[in-house]
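Following: one structure in structure tokens, then a few remarks.
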Amino acid sequence: LALLEKSREFFQICDREEKGFINRADLQHLQTELSLSSNELQDVFDVLDADQNGSLTLEEFTTGFSQFLFGEKTI
Amino acid sequence: DPNIKGAASEGVLANFFNSLLSKKTGSP
């Protein structure tokens, strides 16, 4: 449950317009805040966007977060 | 090699989520 709450919190940081999904432009907006390069954020998006449809859902985001925490895809 | 790609992906994700975590903890 804590994982889901944290994941939702991070998702909302990325999804500022509360669209319900995250696109590449949303992640690029975080470039200065997160001190990550444009290329790194592109890679993050590619890794998280499991179905490669150009938008990240909360489910995909949570899967990536759990992968980061547990080292494998558990959701 | 999927293993190398997997490891690289984990590193990218780790950077991203660690940054998000420190952003959260760094704010009041």
Side-chain angles (χ1 to χ4, degrees), chain A residues 1-16 18 21-52 55-75, chain B:
Chain A
L1 190 62
L3 164 79
L4 291 176
E5 282 175 7
K6 208 71 188 166
S7 177
R8 187 183 298 271
E9 200 177 314
F10 289 159
F11 187 86
Q12 284 166 348
I13 292 175
C14 300
D15 180 22
R16 295 182 193 194
E18 299 180 11
F21 63 88
I22 301 168
N23 57 30
R24 287 184 189 274
D26 291 325
L27 276 197
Q28 294 299 327
H29 284 145
L30 298 172
Q31 209 177 123
T32 47
E33 287 181 49
L34 299 183
S35 307
L36 291 172
S37 72
S38 176
N39 279 343
E40 284 170 320
L41 288 168
Q42 287 280 0
D43 288 345
V44 168
F45 193 91
D46 288 337
V47 173
L48 292 177
D49 188 16
D51 58 6
Q52 300 184 326
S55 64
L56 292 182
T57 61
L58 179 60
E59 285 76 16
E60 285 172 320
F61 193 85
T62 305
T63 300
F65 189 47
S66 101
Q67 193 180 350
F68 157 67
L69 288 178
F70 304 115
E72 58 185 39
K73 291 187 177 180
T74 52
I75 294 181
Chain B
D1 187 330
N3 288 334
I4 293 175
K5 195 181 174 202
S9 301
E10 281 174 27
V12 164
L13 280 186
N15 274 344
F16 175 67
F17 285 115
N18 279 326
S19 297
L20 276 174
L21 284 168
S22 53
K23 173 180 155 63
K24 284 304 290 181
T25 52
S27 49

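Every chain is numbered from 1, with letters handed out A, B, ... down the list of sequences.
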Identify each donor-acceptor pair in which a side-chain atom of residues 7-14 of chain A lies under 3.5 Å from a protein atom, sequence neighbours left out, and give them as a table.
{"from": "A/Ser7", "atom 1": "OG", "to": "A/Thr62", "atom 2": "OG1", "distance (Å)": "2.8"}
{"from": "A/Glu9", "atom 1": "OE2", "to": "B/Lys24", "atom 2": "NZ", "distance (Å)": "3.2"}

By ring pair (Phe, Tyr, Trp, His ring centres under 6.0 Å) - contacts of B/Phe17 (at least two apart): A/Phe61, A/Phe65, A/Phe68
Side chains of B/Val12 and A/Glu40 in contact at under 4.5 Å (non-hydrogen atoms): no
Cut-off 4.5 Å, heavy atoms of chain B, and the answer for A/Leu34 is both
Does A/Asp43 reach the side chain of B/Phe16, with side-chain heavy atoms less than 4.5 Å apart? no
d(A/Ser35 OG, B/Asn15 CG) to nearest 0.5 Å is 10.5 Å
